[in-house]
Amino acid sequence: MCINLDKNKVTIGKLSKIKKNKSAAMDLTHNFIVLTCLLFLHPLKVEKVSAKVLEETYRKWVQYKEDCFNTIRNESLPQTGLFCNRTFDRYACWPDTPAGVMINISCPFYLPWYDKVSQGVVRRRCGYDGHWEREDNGQVWRDMTQCEEEKEVASQELWFKQLMVSFRMLYTVGYSLSLFTLITALIILLSFRKLHCTRNYIHANLFLSFILRAVAVIVKDTMLEHHWGREIMKPTDVSEMLSHQAAVGCRIAQVIMQYCVLANHYWFFGEAIYLYSVLIASVFIDSNKYLLYIYLGWGTPLLFVVPWVVAKMLKENKECWAVNENMNYWWIIRFPVLLASLINFLIFMKILKVIFSKLRAINPTHYTDYKLRLAKATLTLIPLFGIHEVIFVFATDEQTTGVLRYIKVFFTLFISSFQGFLVAVLYCFGNKEVQAELKRKVGRWRMATETVCCGQ
């Protein structure tokens, strides 16, 4: 429960009567807890507030409080009459008010939705006895309905939050499933000597990039949850949350995630180049050229991640680097992804053209048959090349709004999270070469088991 917002209020008439055992640390504790109650429980009506909103609101609240205390100290007392003392109740700053008068003051400027309620007022009533009127439960009465966030906006924010939670559950399940199948597929490809070839080595690196991407996303979410989703119980929780030192861990997780995402896309690129060189260019891939794929897949992302990190440190060194205030810096990461996706799409179309011509040459009279085989080849290549990225190449975050934005986010998260699972199934578990090797190994194991049993 939030503490009473009017508890331990500071008034000019009581400044000299504050007991020594109520230290500044205790007052600071109330400040932090009250602010947390204001942000997290009362007006916003959501459990979590974005880091940017929390940090900015707290900064403005501290400024509002200091301005109020300066007013309390510097303004002169009324000369005559009975009045209620000026006070700061950690929500609004109240001036000296004559007895029997209802006082109206503007909504506090630190509220995140202040632009919508700037014309509103918050009210208090000074009783005829010179004390602020109280409710039946003992709390000082205050009418702040005009300063509250609109119910329609609050319900929209709650709906948006529930939607984001659903999206997060979706891609967490997808990445977890992909992680399990990819690790199993990677072990299979590396365990059987007959499966060791350049093609499977490239597949293995693609699987590894998917694994690292899934782990990085899960770890990054955990770090963000730990950093911004903690329950605030004491003042040190807020100070730690808003400190730059506490953000180092989630910034590192953010950097690793961006590197893994780029590496994943450039191993898509490597797969496309390899297939193009085999089917169209007819180039033999030896061990020396395989190293070029290593440099492409694991080295190229560094050329973009490092400048992005430098730009973030110098220009947007805030929070967990998850918010892009200047989208120009985000293009450092986005551009290489879009470039690789577009090139992959061109290679994809070229390969499909070659497959189409070869299938047609083999079965010139069986149009339906090679049409189905072409469709199968197309669907098989799409997840390997990451062609789905091209769908939203021109629908950038800045251009998509409303329902279209939610559709984009849904499909991007769904496909990206389950893609590793699909690739592992198609290029390992569904591969006839891998299935034959597994059957051979299982057959040998059964024979060895039967021999041992019969021997006993």
Side-chain angles (χ1 to χ4, degrees), residues 1-12 15 18 22-75 85-95 103-124 132 139-140 142-150 153-154 157 227-244 246-247 318-319 323 325:
M1 293 179 63
C2 293
I3 64 172
N4 180 4
L5 295 179
D6 297 287
K7 188 177 180 180
N8 296 327
K9 64 183 179 181
V10 180
T11 63
I12 191 66
L15 282 174
I18 296 178
K22 290 187 177 180
S23 61
M26 181 62 72
D27 186 62
L28 180 61
T29 301
H30 287 302
N31 290 350
F32 278 123
I33 297 177
V34 169
L35 174 65
T36 304
C37 293
L38 288 172
L39 285 178
F40 284 77
L41 299 180
H42 183 67
L44 287 181
K45 300 179 181 178
V46 295
E47 296 175 1
K48 298 175 185 175
V49 184
S50 71
K52 187 175 180 181
V53 172
L54 176 60
E55 188 172 10
E56 184 68 15
T57 302
Y58 177 71
R59 184 186 63 79
K60 291 182 178 180
W61 180 82
V62 170
Q63 179 185 345
Y64 184 90
K65 181 188 69 171
E66 292 175 351
D67 293 344
C68 182
F69 283 164
N70 289 334
T71 301
I72 288 176
R73 295 188 187 96
N74 298 329
E75 283 192 358
N85 290 323
R86 65 193 74 172
T87 182
F88 174 61
D89 62 2
R90 293 181 175 81
Y91 181 80
C93 189
W94 305 94
I103 182 69
N104 301 332
I105 62 171
S106 299
C107 295
F109 64 77
Y110 62 80
L111 296 175
W113 50 87
Y114 176 72
D115 291 343
K116 300 177 182 178
V117 297
S118 58
Q119 303 300 320
V121 294
V122 57
R123 299 185 177 93
R124 262 193 181 194
W132 294 107
Q139 296 184 9
V140 174
R142 177 182 58 218
D143 179 13
M144 44 191 261
T145 54
Q146 295 185 29
C147 299
E148 292 180 346
E149 190 177 24
E150 296 179 7
V153 176
E157 290 185 354
H227 186 71
W228 295 117
R230 72 179 71 173
E231 185 178 2
I232 301 174
M233 300 299 296
K234 53 186 183 295
T236 54
D237 292 338
V238 178
S239 59
E240 290 176 3
M241 182 186 293
L242 298 179
S243 66
H244 288 296
K318 299 178 182 179
E319 302 145 12
V323 178
E325 295 180 353

How far does [atom1] of [X] sit from [atom2] of [Y], to the nearest 0.5 angstrom?
X      : Y      : atom1 : atom2 : result
Cys68  : Arg90  : SG    : CZ    : 10.5 Å
Gln63  : Glu66  : CD    : CD    : 8.0 Å
Asn70  : Glu75  : CG    : CD    : 11.0 Å
Asp143 : Arg124 : CG    : CZ    : 12.5 Å

Taking the side chain as every heavy atom from C-beta outward, state whether [X] and [Y] have any pair of such atoms under 4.5 Å apart.
X      : Y      : result
Trp132 : Thr87  : yes
Ile103 : Pro95  : yes
Val117 : Gln146 : no
Tyr91  : Cys147 : yes

Original post:
Is a side-chain donor or acceptor of Asp89 paired with a backbone partner of Ala92 at a separation under 3.5 angstrom?
Top reply: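 Here the side-chain-to-backbone pair exists.
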**OP:** Would you kindly check if the NZ (Lys) or CZ (Arg) of Arg86 is within the cone defined by 45 degrees around the ring axis of Trp94 and under 6.0 Å from the six-membered ring centre?
**Re:**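 Checked: cation-pi criterion not met.
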Heavy atoms only: give me the nearest [X]-[Y] pair and the separation to one decimal.
X      : Y      : answer
Lys65  : Phe88  : CG-CE2, 3.4 Å
Ser106 : Val122 : O-CG1, 4.1 Å
Phe109 : Tyr114 : CA-CD1, 3.6 Å

**OP:** Indicate, with yes or no, if the rings of Tyr110 and Tyr64 have centres closer together than 6.0 Å.
**Re:**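 Tyr110 vs Tyr64: aromatic centres under 6.0 Å.
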**OP:** Could I get the full list of salt bridge (Lys or Arg N to Asp or Glu O under 4.0 Å) partners for Asp67, not counting sequence neighbours?
**Re:**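 Expected list: none.
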